[in-house]
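Naming: A, B, ... by sequence-line order, numbering from 1 per chain.
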Amino acid sequence: MAESMTSAVGTPLSSAEIAEQVVGVAEGDSVMIDGVADLASATASQASFVVAGASAKRVTEALESQAGLLFADADVELGGRPCIRVENPALAAALLSQLFHPWSPESGIHPTAFVHPSAVLKEGVSVGPHCTISADVHVGAGTSLAAGVVLEQGVQLGKACVVESNTVIGSNGFGFVWSGKRHERVPQTGTVVIGDRVFIGAGTTIDRGTYGPTVIGDGCILDNQVQIGHNCQLGRFVVLCAQVGLSGSTVVGDGAVFGGKASTTGHLTIGAGARLAGAAVATKDIPAGLTVGGYPAWDLRKELKAQARLRKDL
Amino acid sequence: MAESMTSAVGTPLSSAEIAEQVVGVAEGDSVMIDGVADLASATASQASFVVAGASAKRVTEALESQAGLLFADADVELGGRPCIRVENPALAAALLSQLFHPWSPESGIHPTAFVHPSAVLKEGVSVGPHCTISADVHVGAGTSLAAGVVLEQGVQLGKACVVESNTVIGSNGFGFVWSGKRHERVPQTGTVVIGDRVFIGAGTTIDRGTYGPTVIGDGCILDNQVQIGHNCQLGRFVVLCAQVGLSGSTVVGDGAVFGGKASTTGHLTIGAGARLAGAAVATKDIPAGLTVGGYPAWDLRKELKAQARLRKDL
Amino acid sequence: MAESMTSAVGTPLSSAEIAEQVVGVAEGDSVMIDGVADLASATASQASFVVAGASAKRVTEALESQAGLLFADADVELGGRPCIRVENPALAAALLSQLFHPWSPESGIHPTAFVHPSAVLKEGVSVGPHCTISADVHVGAGTSLAAGVVLEQGVQLGKACVVESNTVIGSNGFGFVWSGKRHERVPQTGTVVIGDRVFIGAGTTIDRGTYGPTVIGDGCILDNQVQIGHNCQLGRFVVLCAQVGLSGSTVVGDGAVFGGKASTTGHLTIGAGARLAGAAVATKDIPAGLTVGGYPAWDLRKELKAQARLRKDL
């Protein structure tokens, strides 16, 4: 269930009020603003923004925009147009848009959802149509589940999380041992523990732990169709773009970023702040802070040099 | 919900009737046909086909087939067997199979589906079990949704579309700005607009736009587990094979084709008729009509040469 | 629906009883054990294991573990600690864990599931919340479906299978022929036939056949977000890790193993026991028993040599 947007659009704000809200400095004529949009589509009653360090082309785009108000940093020359100077214009635009569009899913449990009697749902939880909340699940205050979300037995979700539609949390992971005759099941006796303010996109799957829990730290953001194997341990504020796949028992440090379709083989440690380029495949530990790419994943600058060398004179 | 096939199987047709239907020329004895199958499994009452430009091996397979009728182009020697000469035998077989198996999902709204009272469903729409149709959704005439499909708030679907099971359209996309302390949500205020006669496979996810809409043009076909980021703009007749991933704001021209698992990084333009090989990763714009592969994606012929050079003498 | 674990945890077993169960030899003091865990988290009442051929580091970890009982092969020196000698310690631990955690989903059909009256469900089948069982489906004895699983028309599932949540079996595959004006649908008239003891993870999609069936043999194990195109034919005990994609009509021999995100282009044969490394893309047939990697996939040892050569001196 998407947030209810129409009703959230509120009273216009003046540029002075906006400057106060985003801790910036207003320049130019005072204007009334009732929304946020991108440069190309913004109207006279909407704000837009020029990202910090924008190219000349982007600045020209800003000057040609119909936006009534622009967020920009101190370095951008805007010819006297109404603007608000801030360090991080994209952030200011996001915060303003949040004021106009507060997160407001319909509260309560949709009548088509199934909630096991032993599940605990704290205040302000929103459970959308056709969700399944299994036994012994705990959902923290203010967390919202869109449609068709499945929380398997014993899953623990923190406060103010958002889970988009048809995502599965706590499925039995891929634990088997070949007996010589068949693949014997390793019972998946662990669970999944998710922190506060975690965002999980649509169609994502997160397996329960084999023995202990699979853990997702506070403030992580996971895009659509991400796959998290059993017993992964994610720190805080980790970013996993769409279609990322983490093998079982991957440990990911705070603030690491995985580009789309990046993946790991089993039992690796990805250091804090490390970055994997799109489609990179980590086959060994990645040091904190390093940006890697390719298969096997290594220093991205070297990967790009290697590709350039390979492609020379073709 | 799969189409109801058994009831659709109808009266046999003569080879002359079939030739008329597919605008071809019948040769050989007249036969009665009641179905279509591949060369290996076709029986005496079924038609099959030899693709245009088939290899000698494939022609032998056709001669050995039990099929009662063959579609073939003028160049294939079939030894006097009953056949229908057409330019595009695969197309003729498909059109004949459509006659025997018209698209006929059960009409109406399944009692387990949830349809918000503000949603508009035109005539002949089919909504399968456990679907969720949110507020302000519009579904065009004759469109069918299989089971567990989620249409989030405000999604617009055209006429005669098919959406397979557990697909999500209109989820909140991956819009966040790092504040220095946490990932701040960028409200996703746009929606998704899908044209007519679009096919969307199972388990696919299509994000709503951040400000304006995400757009899928008429006649596009998307396979299973495809991921479309916020604000992508697809032209007409675009083909996205399984597990393709498009980053936010990707623009795709008419008739472009993405092989399985191909992907784009953000904000690129893929020209009309461009083709991405399986698993290709586009990191910059792709010109119209070009076939590309590799990472970063470039001319596929060069990519294959580069791989050959890399592998030489190993 | 995860298996009900709490109720399954049973009476402790003595090391002698355990040795008998797993056909091993008990050494050291007799101990009572009531569970299985990994080396790091196991307590005095739990068993753990040292994998065959473990590194010195892993053996040290075992010696430092709090586990009350260890499974190990004959070669590992464990300083007189209570242990059970077996050939395959990981297998013994799995079998013991199965004793403590028998597979025991809630039996019967959840009241929120939809089961078509023409579907046949044999004894002991478990159908979780919001599942959709379409017309003419057959589900073998003891098979369990978690939540939101969709079985499309005519799908045949064998005995003792497990299907995790939100998986779709029998969707219409990606069969289209370009007419010069639009993509014409090839009716997907086949079905899906799945053997006994097959495990299918969450969010996986398996397309029905175009003419004949898509086939998954006995004992195959498929992880989450796997995609199987129309008319694939999998032998027995095939292993497909997460996010694998098989194009239409891929034939896979017994015991072949696909690493995460590995994929095939259409109509290939992957020989029995072949192994594809993670993210490998097979573009031609793979001989039985060969381990391959890269794009196009070839001998993995050569691929790693090629990558090493490419990266030299960078």
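- Residue C/Thr265: no heavy atom, backbone or side chain, is found under 4.5 Å from chain B.
- With no hydrogens or angles considered, a side-chain donor-acceptor pair links B/Glu164 and C/Asn172 at under 3.5 Å.
- Heavy atoms of C/Phe176 lying under 4.5 Å from chain B belong exclusively to its side chain.
- The shortest side-chain heavy-atom distance between B/Ile133 and B/Ile109 does not fall under the 4.5 Å cut-off.
- Checked by atom type and distance alone, the side chain of B/Thr143 pairs as donor or acceptor with a backbone atom of B/Ala160 at under 3.5 Å.
- Residues B/Gln66 and B/Thr43 bring no donor and acceptor atom of their side chains to less than 3.5 Å of each other.
- Relative ring orientation between C/Phe174 and B/Phe199 is described as tilted, the plane-to-plane angle lying within the 30° to 60° band.
- Side chain of C/Thr214 to main chain of C/Asp207: a donor-acceptor pair is present (N/O by atom type, distance under 3.5 Å, no hydrogens or angles).
- Only the backbone of C/Val226 comes within less than 4.5 Å of a heavy atom in chain B; its side chain stays farther off.
- In this structure, chain B has no heavy atom under 4.5 Å from any part of C/Thr283.
- Heavy atoms of C/Gln225 lying under 4.5 Å from chain B belong to its backbone as well as its side chain.
- In this structure, chain C has a heavy atom under 4.5 Å from the side chain of B/Leu95, while its backbone stays farther away.
- The side-chain heavy atoms of C/Thr264 and C/Val252, taken from C-beta on, include no pair separated by under 4.5 Å.
- Of the two parts of B/Arg236, neither the backbone nor the side chain holds a non-hydrogen atom closer than 4.5 Å to a non-hydrogen atom of chain C.
- Looking at B/Asn88, only its side chain comes within 4.5 Å of chain C, counting heavy atoms on both sides.
- Without hydrogens or angle criteria, B/Asp196 side chain to B/Lys159 main chain gives a donor-acceptor distance under 3.5 Å.
- Between the side chain of C/Arg208 and the backbone N or O of C/Gln153 there is at least one donor-acceptor pair closer than 3.5 Å.
- Both the backbone and the side chain of B/Gln98 come within less than 4.5 Å of a heavy atom of chain C.
- With C/Thr250 contributing its side chain and C/His267 its backbone, the two residues share no donor-acceptor pair below 3.5 Å.
- With chain B as the partner, the residue from C/Gln243, C/His116, C/Arg301 showing the most heavy-atom pairs under 4.5 Å is C/Gln243.
- Taking B/Gly148, B/Gly219, B/Cys241, B/Ala37 one by one and counting their heavy-atom pairs under 4.5 Å with chain C, the maximum is reached by B/Ala37.
- Proximity of a side-chain donor or acceptor of C/Ser144 to a complementary backbone N or O of C/Ser126 within less than 3.5 Å is not detected.
- For C/Ala279, no part lies under 4.5 angstrom from a heavy atom of chain B.
- With a 4.5 Å cut-off on non-hydrogen atoms, B/Val162 does not touch chain C at all.
- Interface remark: C/Ser247 contributes no atoms to any contact with chain B (heavy atom separation under 4.5 Å).
- No part of B/Ile200 comes within reach of chain C, as not one of its non-hydrogen atoms sits under 4.5 angstrom from that chain.
- For C/Arg309, the part lying near chain B is the side chain, with the backbone staying farther off; criterion is any non-hydrogen pair under 4.5 Å.
- Contacts between C/Val149 and chain B at a heavy-atom distance below 4.5 Å are absent for every atom of the residue.
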